[in-house]
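Below is one structure, written out as structure tokens; the observations come after it.
All residue numbers refer to positions in the sequence shown, counting from 1.
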Amino acid sequence: MARGLFITLEGGEGAGKSTQAARLVARLTALGRIAIATREPGGSPGAEAIRNLLVKGDTDRWSATAETLLMYAARIDHIDRVIAPALAREDVVVCDRFADSTRAYQGAGGGASADLIEGLEREVRVHCWPDLTLIFDLDPAAGLTRAAGRTGAETRFEAKGLEFHTRLRAAFLAIAVAEPARCRIIDASADEDAVEAAVWRAVSERIQP
């Protein structure tokens, strides 16, 4: 059965994923493709409600296991209500974070059981898995400095400290090495236009004329 293209953007805090997701959707739309931008946790009304539980409050508000279960509750709703229907219409879905973030944040960063994450991930793989994942690589200290300029209350993960974010970077790079057919590493330390060009080089290889 034909389906659209599912692109995910991954990486640590302050890497510029949201900016590049918007630019990518604009570029695809200009080419006549139907493309949607979405995010995790969130992307559907139910998942956005769960997002509010995850990204706000004290760093120890949830254990890594509880976070994993909440992430997957949000993810399943997001897939069912947004991602899978869009792919069935043969649209392009550009998602700011997906399952690799759970591997990194809750797994490598928080210490959640690999068996738990892998078991939940298997259920997602059956229904919806990225065709292309762009991993935005940036020194964690630089990323946290960038992220410190954000406004709002969604700072729970940024507040987990440099050691936590260093583990995240290592986890994302390990995912890229383990799955080279799906993943491309993007140097997020470059200026926004250079990053956009690198993103487009990776995406254009997957876009059907």
Side-chain angles (χ1 to χ4, degrees), residues 6-13 15 17 38-85 87 93-137 140 143-144 147 154-185:
F6 186 21
I7 302 169
T8 56
L9 284 66
E10 297 281 8
E13 303 299 328
K17 296 180 287 65
T38 189
R39 68 176 182 176
E40 288 207 350
S44 65
E48 289 290 334
I50 296 172
R51 178 187 179 89
N52 284 327
L53 299 175
L54 285 161
V55 299
K56 298 176 182 178
D58 294 337
T59 56
D60 61 354
R61 181 178 186 181
W62 306 105
S63 69
T65 298
E67 281 181 7
T68 300
L69 295 172
L70 286 166
M71 288 288 184
Y72 268 91
R75 183 161 297 135
I76 292 299
D77 192 70
H78 186 205
I79 290 170
D80 288 346
R81 298 180 185 277
V82 177
I83 299 174
L87 294 176
V93 176
V94 177
C95 189
D96 184 350
R97 298 199 182 284
F98 194 65
D100 293 313
S101 278
T102 303
R103 294 179 181 182
Y105 277 73
Q106 284 71 51
S113 162
D115 288 341
L116 171 65
I117 293 172
E118 289 168 8
L120 293 166
E121 191 176 282
R122 280 195 296 272
E123 293 299 313
V124 169
R125 282 180 178 270
V126 170
H127 303 289
C128 183
W129 197 247
D131 300 294
L132 173 65
T133 296
L134 306 174
I135 294 179
F136 287 67
D137 182 49
L144 290 173
E154 294 188 352
T155 58
R156 181 170 171 265
F157 288 104
E158 289 94 322
K160 285 180 178 282
L162 182 59
E163 183 179 346
F164 175 86
H165 291 277
T166 300
R167 293 197 297 274
L168 299 188
R169 185 188 195 186
F172 280 123
L173 292 175
I175 290 167
V177 170
E179 300 188 48
R182 173 173 69 90
C183 300
R184 295 288 184 273
I185 296 173

Item checked: Worked check of salt bridge (Lys or Arg N to Asp or Glu O under 4.0 Å) between Glu179 and Arg103 -> CA-CA 13 Å; Glu179 300 188 48; Arg103 294 179 181 182; 3.0 Å; yes
Notebook entry, point to check: Does a side-chain heavy-atom distance below 4.5 Å link Ile76 with Val124?
Noted result: yes
Notebook entry, point to check: Of all heavy-atom pairs between Cys128 and Leu87, which one has the smallest distance, and what is that distance?
Noted result: SG-CD1, 4.0 Å
Check: Under the side chain to side chain contact (heavy atoms under 4.5 Å, CB included) test, which residues partner Arg184, sequence neighbours left out?
Finding: Leu132, Leu134, Ala202, Glu205, Arg206
Notebook entry, point to check: What's the verdict on side-chain hydrogen bond (donor to acceptor under 3.5 Å, both in side chains) for Arg75 and Thr102, showing C-alpha distance, side-chain angles and the deciding distance?
Noted result: CA-CA 10 Å; Arg75 183 161 297 135; Thr102 303; 2.9 Å; yes
Next item on the list: Working to the nearest 0.5 Å, report the span between CG of Leu70 and OG of Ser63.
Entry: 9.0 Å
Notebook entry, point to check: So, Arg169 side chain and Pro140 main chain: donor-acceptor pair closer than 3.5 Å or not?
Noted result: no
Next item on the list: Can you measure from CD1 (Ile185) to CD1 (Ile135) and round to the nearest 0.5 angstrom?
Entry: 6.5 Å
Note to self: I want to check something: taking the side chain as every heavy atom from C-beta on, are Ser113 and Thr65 in contact at a cut-off of under 4.5 Å?
What the structure shows: no
Margin query: Once rounded to the nearest 0.5 Å, what's the spacing between atom CD of Glu154 and atom CG of Leu54?
Written below: 10.0 Å
Item checked: Partner set under side chain to side chain contact (heavy atoms under 4.5 Å, CB included) for Ala64, not counting sequence neighbours -> Ala112
Next item on the list: Output all residues satisfying side chain to side chain contact (heavy atoms under 4.5 Å, CB included) with Ala74, sequence neighbours left out; order by chain, then residue number.
Entry: Ala47, Ile50
Margin query: Tell me every residue that passes side chain to side chain contact (heavy atoms under 4.5 Å, CB included) with Asp58, counting only those two or more places apart in sequence or in another chain.
Written below: Asp60
Checklist line | Presence of salt bridge, Arg39 and Glu48, under 4.0 angstrom | finding: yes
Margin query: Just to verify, what does Phe98 make a ring pair (Phe, Tyr, Trp, His ring centres under 6.0 Å) with, not counting sequence neighbours?
Written below: Phe6
Checklist line | Within-4.5 Å side-chain heavy-atom neighbours: Tyr105 and Arg97 | finding: yes
Check: Out of curiosity, Leu162 CG to Leu144 CG, how far, rounded to the nearest 0.5 Å?
Finding: 6.5 Å
Note to self: Within the 4.5 Å heavy-atom criterion, are Thr8 and Val93 side-chain neighbours or not?
What the structure shows: no
Notebook entry, point to check: Does the Lys17 side chain pair with the main chain of Phe136, one donor and one acceptor, at a distance under 3.5 Å?
Noted result: no
Note to self: Can you list everything that forms a side chain to side chain donor-acceptor pair (under 3.5 Å) with Glu67? Sequence neighbours excluded, please.
What the structure shows: Gln106, Arg156
Next item on the list: Measure up the Phe164 and Phe157 rings against each other and bin them: parallel (under 30°), tilted (30 to 60°), perpendicular (over 60°).
Entry: parallel
Margin query: Ignoring hydrogens, what is the shortest heavy-atom contact between Gly12 and Phe172? Give both atom names and the distance.
Written below: N-CE1, 4.0 Å
Notebook entry, point to check: Stepwise, does the side chain to side chain contact (heavy atoms under 4.5 Å, CB included) test hold for Leu9 with Cys95?
Noted result: CA-CA 6 Å; Leu9 284 66; Cys95 189; over 6 Å; no
Notebook entry, point to check: Once you round to the nearest 0.5 Å, how far does CD of Glu40 lie from OG of Ser101?
Noted result: 8.0 Å
Item checked: Which atom of Val55 lies closest to which atom of Pro41, heavy atoms considered -> CG1-CG, 4.4 Å
Note to self: When you compare the side chain of Asp131 with that of Ile7, does any pair of heavy atoms fall below 4.5 Å?
What the structure shows: no
Next item on the list: Evaluate whether atom CD of Glu123 has more than 12 neighbouring non-hydrogen atoms of other residues, nucleotides or ligands under 6.0 angstrom away.
Entry: no
Item checked: Nearest heavy-atom neighbours spanning Ser44 and Val82 -> CB-CG2, 4.0 Å
Notebook entry, point to check: Does any non-hydrogen side-chain atom of Thr38 lie less than 4.5 Å from one of Asp96?
Noted result: no
Notebook entry, point to check: Are the side chain of Arg61 and the backbone N or O of Leu53 linked by a donor-acceptor pair below 3.5 Å?
Noted result: yes
Next item on the list: Mind checking the CD-OG1 spacing from Glu10 to Thr133? Nearest 0.5 Å is all I need.
Entry: 6.5 Å
Note to self: Can you give me the closest heavy-atom contact between Leu168 and Ala104, atom names plus distance?
What the structure shows: CD2-O, 3.2 Å
